[in-house]
Structure formats: C-alpha cells, structure tokens
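As structure tokens, the structure follows; a few thoughts come after it.
Labels below follow one simple rule: chain letters A, B, ... track the order of the sequence lines, proteins then strands, and each chain is numbered from 1. Given the structure is predicted, the values throughout are model-derived calculations rather than measurements. No hydrogens, no waters, no symmetry mates; every other heavy atom, side chains included, goes into these values.
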Amino acid sequence: MMRYIFEEKNQIDIKETRGGLVLKHESFNPTHIFECGQCFNFNIEEDGSYTAVHLGRIINVLQKEDHVLIRNVSLDEFYEIFYDYFDLGTDYSEIKKDLSENEILKTASDYGYGIRILNQEMFETVISFIISANNGITRIKNSIKIISERYGNYIGEYMGRKYYAFPRPEVLAKVDPLELREFARVGFRDVRIVEASKMVADGYLDFDIDQTLSTEDLKEKLMQMPGIGPKVADCILLFTYHKRETFPVDVWIKRVMETLFIGHEVPKKLVDDYAREYFGNLAGYAQQYLFYYGREEKIGK
DNA sequence: ACTCAGGATGGTA
DNA sequence: TACCATCCTGAG
C-alpha cells in the first residue's frame, strides 16, 4: 500500500505564473475528475474550465495542451488546501499500472485517464449523498446549489457568478424540512437532511476519531444516520474518510460489473463482495474508473 | 404524456 | 434474512 504514496509535496511540478498556477502532471484531468460521479460542487465555464468550491475557497481548473492551469488560488493555498483535496499525495500511475493487469480495468483506466479521488469535506459529502438517493445528477447539483445560496455564507464572485459556502451543520439542523423541500426541491429527503444535520451538529461524527475505526465499524456508524444506507455510506467512506478499499454499488456500477465481470444479474451485495475481493485495497479507484467508463459508454444499458 | 433516475425505509413473508 | 412497494421531482 505504501508504494502508492508519495512522501514529499515537492514531487509535484507546479509553478506560479501571472495567469495562474501551472501544474504539469501525468495523472490530472479536470473533466474526468469532476465528471466521474464523485462530487457535485463544481460548475462548468464557457471556456471548458471547472470552478469548484471547497472549504470556502473558489478554485478554477482548466486543461491546457501540456499542463493544467489553476486559477483564483495562491500557491500557498494550493499546497495548504488543495493538495489534499486533489489527492496529490497518491501515485495514480502506479495504481493504474496495477489495475491494468486486468484487461477491462486497463481499458477503463485508459478511458478515464487523469481521474483522481477527491478528499471532500465531511458534512457537505454526507448531505450531498443523502440527497443523491434515487436522484439524478442535475437535480442533486441544483439542490446543493440552492442550499448553499440560501443557508451558506457568501464567498465571492468568479467569472460573473456568485459563490456560497456549503452551510454549517448547526444551520441546516435548524431549518424547517418543509422549507427545505419547497426551496431546494429535495422531496422526501427533507427530514433526512435536517435530522442528519442535527446529529453532525451534536458531534456524532468526528473525522479524527472515526478515522481510527475499522471500515466496517465506521460504515455501521454512518448507517445509523437517517438517509444513509449501504451505498451512501460507502460514498462517504470513500470520498471523505479515505477508505479506498470501499466499492460503492449503484445501478450503473452494478450493470457494469454484471456485464463485464460476473456475466449475469446478481444482488447488489454480491457485486460489492465480488469487487472488494477482486480489487482489494484498490477497489475505490477501480470503482471510479469503471463507473466513468461504464456510464459514458452506457455499458449494460 | 410517461418513465425513471448514481437508494433508503418500513412493512411483509 | 430476503424481498418489495413507496417515496418527491423534473429532465429526457
């Protein structure tokens, strides 16, 4: 496992220029990172760049010919906040190499080259994936946007658009579910969101303590919260708690696994067992490559 | 007009 | 323990 980890931050090639930060990296593709289904906090600009909000900062990322241009953050901010967010301490070329021993994963990881798993903020991830239950990406993003605009703090403007931070748990905990439903269009997820917010506001989750729990125990703990079942819990484990051996099974990844690996329809739990057995501690990465590849290419559909 | 979407929940067998 | 109908909403 250690061989996938870089130890020094200075191993990435990034320089400050007047146009922004120039990042030269063999495994970093903004489109694949933001469109592979792991996050909902970004906005696509006219020039093809992605603007995302993370921990109260607005960052813009644009793919150029031989580098990635990162705008609106200083080099210090980048190292301080976004190095971890973009998981830059992990060696994805090594992960791809290992996964590529399997032909299907070679195809999928070549297809989704430059995907990186974002290390996202806890509360925002919890609420975002509670909203994601039986929901579509467009509507999920829209709900989160409205919640931020209505209950979050104003951060600033970028490329003509105003941005707001995702609200703190204490704020969402006091919101009337009916109001949430009316404005954010979250439907039957309204009470789940407020109740889960109350638990987080009361300190039910603690990143450092939770981190010491086994993946299995932490999953059970997460599933005690309203709106969090097996799949949502897995997403939180993978995208917030760095539990990369997790393999969230949604309808897409289920179809992909049944079509490309298993050969016939099986219950979701079996897909999970199969994948975790097959991919081991790289299951989370494999899931992202397979999900992106499968959804874009409509595999099994 | 109509289906169904990146599941969770509560009830039933 | 394993299934199953039901749950808001609106994009396609």
Seminar exercise, completed: Rounded to whole Å, the CZ-C1' distance (A/Phe183 to C/dT9) equals 17 Å

Exercise. Is A/Arg189 near enough to C/dC8 that one of its side-chain N or O atoms lies under 4.0 angstrom from OP1 or OP2?
Worked result: no

Exercise. A/Met223 or A/Arg295: which one's nearest nucleotide on DNA chain B is closer to the 5' end?
Worked result: A/Arg295

Exercise. Touch check for A/Pro226, heavy atoms < 4.0 angstrom, all strands: base, sugar-phosphate only, or nothing?
Worked result: sugar-phosphate

For this session: Let me know the distance between CG of A/Leu178 and P of C/dT9, rounded to the nearest Å.
Result: 11 Å

For this session: Answer with yes or no whether A/Arg185 presents, from its side chain, a donor or acceptor under 3.5 Å of a partner atom in the base of C/dC8.
Result: no

Exercise. With rounding to whole Å, what would you report as the distance between C/dT9 and B/dA1 at their C1' atoms?
Worked result: 16 Å

For this session: For A/Asn134 and for A/Thr138, locate the closest nucleotide of DNA chain C by heavy-atom distance; then report the residue assigned to the nucleotide nearer the 5' terminus.
Result: A/Asn134

Seminar exercise, completed: Whole-Å distance, A/Ile193 CD1 to C/dC8 P, equals 13 Å

Exercise. Aromatic rings A/Phe78 and A/Phe86: how do their planes relate, parallel, tilted or perpendicular, breaks at 30° and 60°?
Worked result: parallel

Exercise. Does A/Arg192 get its side chain close enough to the base of C/dC7, under 3.5 Å, for a donor-acceptor pair?
Worked result: no

Exercise. Just how far, in rounded Å, is C1' of C/dG12 from CD1 of A/Ile137?
Worked result: 14 Å

For this session: Step through it carefully: locate the ring centre of A/Phe166, locate the ring centre of A/Phe123, and say whether they are under 6.0 Å apart.
Result: yes

For this session: Give the ring-plane orientation class for A/Phe34 versus A/Tyr50, where under 30° counts as parallel, over 60° as perpendicular and anything between as tilted.
Result: parallel

Problem set entry | Whole-Å C1' distance, B/dC4 and C/dA5 | 15 Å

For this session: Evaluate the ring planes of A/His242 and A/Phe207, with Trp represented by its six-membered ring, and classify them as parallel (under 30°), tilted (30 to 60°) or perpendicular (over 60°).
Result: perpendicular

Problem set entry | Whether A/Phe82 and A/Tyr85 hold their rings parallel, tilted or perpendicular, with breakpoints at 30° and 60° | perpendicular

For this session: With a 4.0 angstrom cut-off to heavy atoms of chain A, pull out the first and last contacting nucleotide of DNA chain B, in 5'-to-3' order.
Result: B/dA5 to B/dT9

Exercise. Does the gap between the ring centers of A/Phe261 and A/Tyr278 come in under 6.0 Å?
Worked result: yes

Problem set entry | Aromatic centroids of A/Tyr274 and A/Phe247 separated by under 6.0 Å | no

For this session: Could you check A/Val232 against A/Arg139 and say which one's nearest nucleotide on DNA chain B is further toward the 5' end?
Result: A/Arg139

Problem set entry | Whole-Å P distance, C/dT6 and B/dT3 | 15 Å

Problem set entry | Separation of atom CD1 in A/Ile130 from atom C1' in C/dT9, rounded to whole Å | 18 Å

For this session: Have a look at A/Pro248 and say if it touches a base, only the backbone sugar-phosphate, or nothing, with a 4.0 Å heavy-atom cut-off.
Result: nothing

For this session: Indicate the ring-plane relationship of A/His32 and A/Tyr111, choosing parallel, tilted or perpendicular according to the 30° and 60° boundaries.
Result: parallel

Problem set entry | Base-pairing assignment for C/dG10 (Watson-Crick or G-U wobble, both under 3.5 Å) | B/dC4

For this session: Please state the P separation for the pair C/dA11 and B/dA8 - nearest whole angstrom.
Result: 24 Å

Problem set entry | Spacing of A/Lys268 atom NZ relative to C/dT1 atom P, expressed in whole Å | 19 Å

Exercise. Please give, in whole Å, the distance from C/dT9 P to A/Asn142 CG?
Worked result: 13 Å

For this session: For A/Ile228, report the nucleic acid contact type (base, sugar-phosphate, nothing); a contact means any heavy atom under 4.0 Å.
Result: sugar-phosphate

